[in-house]
Amino acid sequence: MAQNNRIGAERLEVLSRHLTSGLSLAEELPMAASDSGRPTTMRVNSRDVYQWLVRDHVQMREAIYEFLKDDLYKPDYYMPLLEFREVTLQRLQRFADQRFFSVADYVSNPLKFQAGLETLSFCDYSLAIKAGVHFTLCGGTIAKLGTRTQHDKYFAKLDSLELPGCFGMTELGHGSNVMGIETQARYDAAKQEFVITTPQHEASKFWIGGAGQHGKVCTVFAQFTDNTGKAQGPHVFVVRLRDDSGHLMPGVRIKDNGPKAGLNGVDNGQIWFDDVRVSREDMLDAFASVAPDGTYSSPIPSVSARFGTMVGGLTTGRMLIGQGAIDACKIGVTIATRYAMSRPQFNDTRIIEYLTHQRRLFPALATTYALHLSTDALKRVAKDRRPADAKLVHIRSSGLKAASTWHRVEILQACRECCGGMGFLAANRIGPLKNDMDVDVTFEGDNTVMMQQVAKGLLEEARGKTTRPSVPRGSLADSPLSACQTLLHFREEALTAEVGGAMAAAANAAGKGGGKKGAAAASTAAFEANLDLVVALGWAHVDAITLDCFCEELASAPASSAAALQALATLYGLVRVEKAAAFLLAAGALSGADSRALRCQINDLCAAFAVDGGAAAVELCHGFGIPEHLIGAPIATDWRKI
């Protein structure tokens, strides 16, 4: 034990020299000193860190955490599926009864709306998703795409859960390709009603959360053909699925999707519509409307542009999924780190003292902080709804959702393994979280498609810029944090130039004989031929902006914990550069010596966070502000009392 602390202290001195060279936050890292005068640990004030991390609606969040002490919200891993669904509905009803927020807040106070839903992820993910489907996907769609007529008709009944809501976008034959959905809508002018039809089996709505048992109303995406016979693209209609007694409405057929790999508190279903009629006022008409006589009008004449505007307003759900993944990482890292600092193995050595443990848990902690800060910054931009920011919000919400959920897969797996067999026990939470959240990599946007969306946006902005950037010069040893920023931006710029250059070359070659149409087709083909690089470009962008955000936020870091947070940011940057090392080595941006030094720097940082039994790391975990009753895992408190 004494030897481990001595080695950690020596590494910390080396780390201090690495970190303070060229960094702007502080001239030296303020470390606590041992009796021998050697630094032993980084100071962290978890309360100060919490106030720095959580910046909006703190009182409401804490009120919800207190509310969730109700026995109804205690986990029961023995519960049968159908009983679990009913309990999840009861939990949602009791939560809705508190009126912590309203569907109207989706537009009028989006940070409050998101804060209210984020808290539920710490309790139970089935509850969080059932609430998200109801309030965000159903209610938020009505709020954003509807007008006063629909708001007055539905908001109060959604807030009270009188009308449990669903979101009918995905079809059996169409997941990511929303423009290709096949559910049909036409207008009957004589009765002033829309008629919704499922023309074939593949057009049935599939994986619709809440539809299996409880949903009474659904925001249904359908291809609308106007009375002139012109296809106007997807529009959204509010369709009753069940009456007030829970019986299916005429023409509606629903099949329960059955047990899933996880998330079994949510009743997913498959829906068919057989000429189901809805009133004219139930087409959400913020961007298009149909007059009583059937005349169609829209301020956006282009079908594709109108569709893009409609779905562009629904990014809140994507941000909530990303934040939910980040919050799951907070739970997993907190449980695994607290367990590691108390669990001895082999001659009473605590497992947190092993580098193999540190190398998994501390980068996970750094990544969780980085993604939280980057997502928080995105939410602040998105809430202002400035038209000039629309593209940025789309690109970043797509990228951060994909990165956060993919990191969540890796981080929870690492946490589960770091807890050994204890991590497989349901009561210790990590296993059930892994199962319940596995869906997040493919819903609210398949992650691979999301990264392609990021790359497309970047390539459009960089159109014509196909010159590869100069290889950066500098040393990770001299100024690791700024060097990491430089290297990550170089990777993004180099990949943009490589993919953009391939597309431009293909377009130029095809354009000589095929004109603009041929050039466009060739450019698209080149994009698809390089999809591996396209996804890598999406990752490169997210890595770069996330580290940038972390560095910017250090300027306001609490003085009591500034050194530890700076070290955490550096660890995140180094780990992301290490992940990109193959590309950077091939490009000449890293040498073999740099790669070896990179490993040593990461190991030094990990050792620093492990000093004093991982005290600084544990306090950083406490900085997430998760109440003990929502951590819940016995091994996070006393593994001997399991």
Side-chain angles (χ1 to χ4, degrees), residues 103-104 106-108 137-158 163 165-169 171 174 178-200 203 205 215-243 249-252 271-314 385 387 390:
V103 169
Y106 184 94
V107 173
S108 63
L137 296 182
C138 181
T141 300
I142 295 172
K144 190 69 176 180
L145 304 185
T147 52
R148 181 65 178 271
T149 298
Q150 293 98 23
H151 297 173
D152 289 346
K153 182 175 181 178
Y154 290 110
F155 277 6
K157 292 182 179 181
L158 290 169
L163 287 180
C166 308
F167 182 72
M169 177 184 281
E171 296 180 356
H174 299 278
V178 183
M179 273 292 284
I181 61 171
E182 297 180 80
T183 300
Q184 299 295 316
R186 58 182 175 82
Y187 181 67
D188 181 348
K191 294 187 176 180
Q192 295 194 23
E193 292 175 336
F194 292 100
V195 183
I196 313 297
T197 303
T198 302
Q200 59 184 4
K205 298 297 181 181
K216 293 182 179 177
V217 67
C218 187
T219 47
V220 175
F221 282 70
Q223 299 282 1
F224 177 63
T225 302
D226 67 21
N227 284 10
T228 69
K230 183 178 180 180
Q232 297 291 355
H235 287 62
V236 187
F237 304 84
V238 183
V239 181
R240 280 297 295 258
L241 300 180
R242 293 178 174 89
D243 62 21
M249 298 293 288
V252 175
I271 311 174
W272 295 261
F273 301 104
D274 183 10
D275 291 343
V276 174
R277 290 181 170 269
V278 299
S279 70
R280 186 177 67 86
E281 291 77 17
D282 281 328
M283 184 179 89
L284 301 184
D285 57 355
F287 300 106
S289 61
V290 174
D293 66 357
T295 302
Y296 178 87
S297 61
S298 173
I300 308 171
S302 165
V303 170
S304 60
R306 183 166 58 245
F307 176 73
T309 301
M310 290 167 60
V311 297
L314 304 178
R385 299 193 298 277

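For the single chain, residues carry numbers from 1 onward in sequence order.
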* Residue pair Arg385, Val107: steps toward the side chain to side chain contact (heavy atoms under 4.5 Å, CB included) verdict -> CA-CA 10 Å; Arg385 299 193 298 277; Val107 173; 4.2 Å; yes
* Specify the closest pair of heavy atoms between Glu171 and Phe221, including all atoms of both residues, with the distance to one decimal. => OE2-O, 4.5 Å
* To do: Tell me, please, which residues at least two apart from Gln232 pass side chain to side chain donor-acceptor pair (under 3.5 Å).
  => Asp226, Arg306
* Structure fact -> Hits for salt bridge (charged side-chain N to carboxylate O under 4.0 Å, His left out) against Lys153, two or more places apart or cross-chain, chain-then-number order -> Asp282
* Asked: Do you know the tightest heavy-atom contact between Val252 and Arg240?
  -> CG2-O, 4.0 Å
* Asked: At what distance, to the nearest 0.5 angstrom, does NE2 of His235 lie from OG1 of Thr183?
  -> 14.5 Å
* Roughly how far apart are Met310 CE and Ser298 OG, rounded to 0.5 Å? -> 9.0 Å
* Gap separating the OH atom of Tyr187 from the OH atom of Tyr296, nearest 0.5 angstrom -> 14.5 Å
* Asked: About how many Å separate NZ of Lys230 and OG1 of Thr225, when rounded to the nearest 0.5 Å?
  -> 11.5 Å
* To do: Mind listing the closest non-hydrogen atom pair of Leu163 and Lys216 along with its distance?
  => CD2-CB, 4.1 Å
* Structure fact -> Separation between CG (Leu241) and SG (Cys166), nearest 0.5 Å, reads 5.5 Å
* Side chains of Val276 and Met249 in contact at under 4.5 Å (non-hydrogen atoms) -> no
* Structure fact -> When every non-hydrogen atom of Ala143 is compared with those of Val103, the smallest separation belongs to CB-O, 4.1 Å
* Asked: Residues in side chain to side chain contact (heavy atoms under 4.5 Å, CB included) with Gln223, at least two apart?
  -> Ile181, Gln184, Pro234
* Asked: Among all residues two or more places apart in sequence or in another chain, which pass the side chain to side chain donor-acceptor pair (under 3.5 Å) test with Asp274?
  -> none
* Asked: Can you name the residues that form a ring pair (Phe, Tyr, Trp, His ring centres under 6.0 Å) with Phe237, not counting sequence neighbours?
  -> Phe194
* Heavy-atom pair with the smallest gap, counting every atom of Val303 and Gly233 -> CG1-CA, 3.7 Å
* To do: Sequence neighbours left out, what passes side chain to side chain donor-acceptor pair (under 3.5 Å) with Arg242? Give chain and number order.
  => none
* **With Ala305 via side chain to side chain contact (heavy atoms under 4.5 Å, CB included) - residues at least two apart** => Ile300, Ser302
* What residues form a salt bridge (charged side-chain N to carboxylate O under 4.0 Å, His left out) with Glu193, not counting sequence neighbours? -> Arg277
What side-chain donor-acceptor pairs closer than 3.5 Å can you find for residues 287-294, not counting sequence neighbours?
{"residue": "Ser289", "atom": "OG", "partner": "Ser297", "partner atom": "OG", "Å": "3.2"}
{"residue": "Asp293", "atom": "OD1", "partner": "Thr295", "partner atom": "N", "Å": "3.0"}
{"residue": "Asp293", "atom": "OD1", "partner": "Thr295", "partner atom": "OG1", "Å": "2.8"}
{"residue": "Asp293", "atom": "OD2", "partner": "Thr295", "partner atom": "OG1", "Å": "3.3"}

* Structure fact -> Taking every heavy atom of Ile196 against every heavy atom of Val239, the minimum-distance pair comes out as CG1-CG2, 4.3 Å
* Structure fact -> Residues at least two apart in sequence or cross-chain that pass side chain to side chain donor-acceptor pair (under 3.5 Å) with Thr309, listed by chain then number, are none
* Please collect all salt bridge (Lys or Arg N to Asp or Glu O under 4.0 Å) contacts where either partner lies in residues 143-152, sequence neighbours excluded, each pair once. => Arg148-Asp152
* Asked: Residues two or more places apart in sequence or in another chain: which of them pass side chain to side chain contact (heavy atoms under 4.5 Å, CB included) with Ile142?
  -> Cys138, Gln150, His151, Tyr154, Phe155, Leu158, Thr219, Val238, Leu284
